[in-house]
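These numbers come from the heavy atoms of this one structure, side chains and all, not from hydrogens, waters or symmetry mates.
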Amino acid sequence: MYDFGQDVYAALEARFAEHGLPWRRIEKITQLKGGQSNPTFRLDTDAGPVVMRMRPAGAPKWAHNVAREYQVLSALQPTDTPTPRVYHYC
């Protein structure tokens, strides 16, 4: 279970602003259950909900390749394959 303090909210909000993303304020972060290995969170924002995925804390960089997931989903965006819209990877 992840416990996000206000410093994490502020850091994410700064990242959103820096990259021109449509969310300005995070109201709540909830960890979603039922995923396999990469922690997944619902961020309730001023512009609606958004999902954030991340590599588990302490996992080596080569494991839990969230970058590859982002690349695949981005590549599928212009196709007819139903995929969630991806906005940003960091």
(message) Which residues pass the side-chain contact (heavy atoms from CB on, under 4.5 Å) test with Asp46, not counting sequence neighbours?
(response) Trp23, Arg24, Arg25, Glu27
(request) Going by the side chain to side chain contact (heavy atoms under 4.5 Å, CB included) test, name the single residue among Thr30, Val50, Val51 that passes it with Leu43. (result) Val50
(message) Nearest 0.5 angstrom please: Lys28 NZ to Phe4 CZ, how far?
(response) 13.5 Å
(message) What I'd like to find out is whether the side chain of Ile26 reaches to under 4.5 Å of the side chain of Phe16, using heavy atoms alone.
(response) yes
Using every non-hydrogen atom in the two residues, find where [X] and [Y] come nearest and quote the distance to one decimal.
X     : Y     : answer
Pro78 : Ala75 : CD-O, 3.3 Å
Leu12 : Met52 : CD2-SD, 4.0 Å
Arg53 : Thr40 : NH1-OG1, 2.7 Å
Asp44 : Arg42 : OD1-NE, 2.6 Å
Pro84 : Gln77 : O-NE2, 2.9 Å

(request) Using atom types as modelled and distance alone, determine if a side-chain donor or acceptor of Tyr87 lies under 3.5 Å from a backbone N or O of Pro22. (result) no
(message) Quick check against the 3.5 Å criterion: does Glu13 have a side-chain atom that pairs as donor or acceptor with the backbone of Val8?
(response) no
Honestly curious: do [X] and [Y] fall in one hydrophobic cluster under the side-chain, below-4.5 Å linking rule?
X     : Y     : answer
Met54 : Ile29 : yes
Phe41 : Val86 : no
Tyr89 : Leu73 : yes

